[in-house]
Each structure stands twice: as C-alpha cells, then as structure tokens.
Amino acid sequence: MSDKEMPGIRVAYAVVDLDGIEDASRGIAKKITSQAAAFRACGLECDLISIPESQDLASKVLKRIPFGGDRVSWDSLDLTGYDALYLRRPSVASKEMMAFLKDQKSRNPDLVTIEEIPTYPYDEEMKGFKSLPLLLKDRWNRRRLNEVIDRIAVFSDNEIIFSIPTIKIINGVDLHDVGIRAPSHTMRADIIFVAAFAEWHGADRLLDGLKLFRDSASGRAEEVHVHMVGGGPKLESLKRKAAADGLSDLVTFYGVLDRSGMDRIYDRCDFAVASLGLHRIGLSISSTLKTREYLAKGIPFIYSGDIDVFVDDPVDFCCQISADESPVDIDAVLEFRSRLYEREREECLTQRIREYAEDHVGMERAMKNVADFIKDACGHGSDGSQGA
C-alpha cells in the first residue's frame, strides 16, 4: 500500500499564536505551513491549528510572574479523533500546557505526542531581562515533560532531551516556492546576505573583513560588492558601522523585500553569506532556513561552524570559515569564488547546487523521520504496511 493510500492517520499540528508568528516572521510561518504540507505528502492527514494566546500588555506582564499563567487557550485545542499531536515548542513550558497534555494522555493513552524544538539548546536565548522569568518557569515545568511527550523533534544530534528520546529532523525548504536563480555573469563578486539581522548572523565580521580588504595595500575595492537584504534588530547598527568604516561604496542595504524584489537581487549575485556568528549563542551545527534557501536558489556561500547536511555529505561549492570573532578574509573568499567559476560554468554550478537541495533539504525529506515514526506508532509500517 502506498503512502497516498494509507488508511487515515490524523495529525494535529498545533502552534501557539500562528497569526503572531506570521506577523513576526514570514519565513517561519511559511516553514510551518510547508511542514504540514509535507506530512500530507508523506501520507498523513494533517490539520494546522493555531492556539490563541493573549498578547495585551497585562497578559505579557502576568505571563512573567511566578503564578501568572501562560495566557494560552489550551482548552481550545480539540484533539478528538486525532491519532497524533505535533506541537511546535511554545515560548515557555507552562503548568497549563503540562496539565492539558496530561489530560489528553489520560483521555487517549494511544495519542502520539511529539514536540518540535526549533533551536536546542535554547536557554542562552532566554537569559535576557525580559525572558529570564520565562526561562525559570520553563526549567521548572520541563522536568516532567517526559510524562506527556513521546518524542522531541530536533535539528541537533542530541539523542535524549529532557529525558525524552529525539527524532532527528532537518530544516527543509519548499522547493516549489523558491525558484532557481538566473545566472548573473557578473565580473565582480556580487555577494548577497539575506537575514533578519541579529547578533548570531555575524554580519559585523563581514563588515570588518571588508574594511581590512579595502584598507590593505592589495585591496581591490571595485572587485566586490555586498548586497544586504532584510531587517532585524541589528540592521541600524550595521548601517552605522558601514558608514563609520567608509564602506558605503562596498555595501548596499535594501531592507525587507518581497519575494520578487529579493529574486531580482539574487539574479545580480553569484555568491552569498550564511550565518557567521552562531557560536555566539552556543550553536556549533547550523540548520538555518537561509542555508536551505541558498541551496534551492543554486548559489554558493560562505558559512561558519558546521551545516547539518554537509556533515554526512560534504560539498565543494561552499566555503567554511572559522567560528570565532575574526574578520572575514575577503581575499580568501574571492579566491574560492574564482576557483569555482574557473572550473565550472555558472549555469552548471547553479543547477548542481539546486539538485543537491532537491536531494537533501526538500521539506518532505526533512519531515520523513517524523512521519515514519507516527506511522509506526499508529500501527502502520513506514512503507505503508499494516503492523501487527
């Protein structure tokens, strides 16, 4: 029996305040929608459900006090008739969440419960003044998470998290939504850096490298231009830094662009920059959405640390740099780029990178391990056969 003919296994994909996520990050919202579609492509019936969360100022304050509650309407999530719950980690593991999941398990002991943790470990991200109360709540409640969650879906290589076995997933991309770039045939190095710029993107390392490149005796400023696309909390400070360092002729800031505007910049470029500062938040292996988009666009890029899919299947079209605070060596980047395009036509390289994306980071491939686990747990083999 094929996946498409699988007797109905119903999955509730639950996300707290999906509307708020859509407002804050179109990329994350698109990923969630694509994951739900991938479950359906794997032969599961999947409903994407948003759990309401109060967002008024009073609720945000009460959420942070010890007994204020998480202000999430858990009781609105009706799991009647569902075989599995796939829950994207909310901002805090609360006593209300724990009580809800415990009640659902008592009502339906066969309910398969999986929680996705998009970033692990995440404690470092919650140590700011505003988030610290949430972290303390989270640490208290997650001690008993193994009583209500069967598996944790995670992008890291951890086999056990919070005493719960993990399922390894990867960040995938909807290849139907990301078109391959048109070859630029640019003579200079036109480099694109797309991000919601934050500390962990390490864009300051790139600017520091550009300054050294321009100031050095061998600096050939006209040979490189960086196109920085996106907003984020660090955008204004990056603009100020570029201006103070005299880099206005080497860097263009575009702000947030829609898909067509972003595609026009991609078509002007033949190289890209992925995150260069994940070590600042304790991550050594990257699975960021942006690396998936670059692969889908067919553009080579530099990155620091490790990238999950490259660990087992390394590539020759991306350049890894050190995961530290050193400036990017622009001369080395230009030499790497030159070697790529000297040995392979741009059209061929672009297609080869796209094919790598199709084989490794398509969304259905990304969620297959979770879909297989749900099928097995519900009594159907991952090949569609009926279990004993």
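These numbers come from a predicted model, not from an experiment.
- Salt-bridge check for E22 with K30: failed, with every basic side-chain N at 4.0 Å or more from each acidic carboxylate O.
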Step-by-step side chain to side chain contact (heavy atoms under 4.5 Å, CB included) determination, M97 to V72 = CA-CA 8 Å; M97 182 187 88; V72 176; over 6 Å; no
key: Stepwise salt bridge (Lys or Arg N to Asp or Glu O under 4.0 Å) check, D316 with R352   = CA-CA 11 Å; D316 64 351; R352 183 161 68 89; 3.0 Å; yes
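- Clustering of Ile, Leu, Val, Met, Phe, Trp and Tyr side chains at separations under 4.5 Å places L278 together with W200, I281, L283.
- Annotation: cation-pi geometry not satisfied between R89 and Y120 (NZ/CZ under 6.0 angstrom from ring centroid, within 45° of ring axis).
- Hydrophobic clustering, defined by side-chain heavy atoms of Ile, Leu, Val, Met, Phe, Trp and Tyr closer than 4.5 Å, groups L57 together with V61.
- Classification of K290 and E293 as a salt-bridged pair holds, one side-chain N sitting under 4.0 Å from a carboxylate O.
- For S91, the side-chain hydrogen bond (donor to acceptor under 3.5 Å, both in side chains) partners at least two apart in sequence or on another chain are K63.
- Residue pairs meeting the salt bridge (Lys or Arg N to Asp or Glu O under 4.0 Å) criterion with at least one member in residues 298-312, sequence neighbours excluded: R292-D308.
- Within the structure, the salt bridge (Lys or Arg N to Asp or Glu O under 4.0 Å) test picks out the following pairs touching residues 140-162 (sequence neighbours left out): K105-D150, D123-R142, D138-R142, R144-E147, D157-K168.
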inquiry  = What verdict does the side-chain hydrogen bond (donor to acceptor under 3.5 Å, both in side chains) test give for S59 and D56, after you've listed the backbone C-alpha separation in whole Å, the side-chain angles of each residue and the deciding distance to 0.1 Å?
reply    = CA-CA 5 Å; S59 295; D56 58 274; 2.8 Å; yes
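- Annotation: ring-ring contact (aromatic ring centres under 6.0 Å, His included) contacts involving residues 253-274, sequence neighbours excluded, comprise H227-Y254.
- Centroid-to-centroid, the aromatic rings of Y86 and F39 come within less than 6.0 Å.
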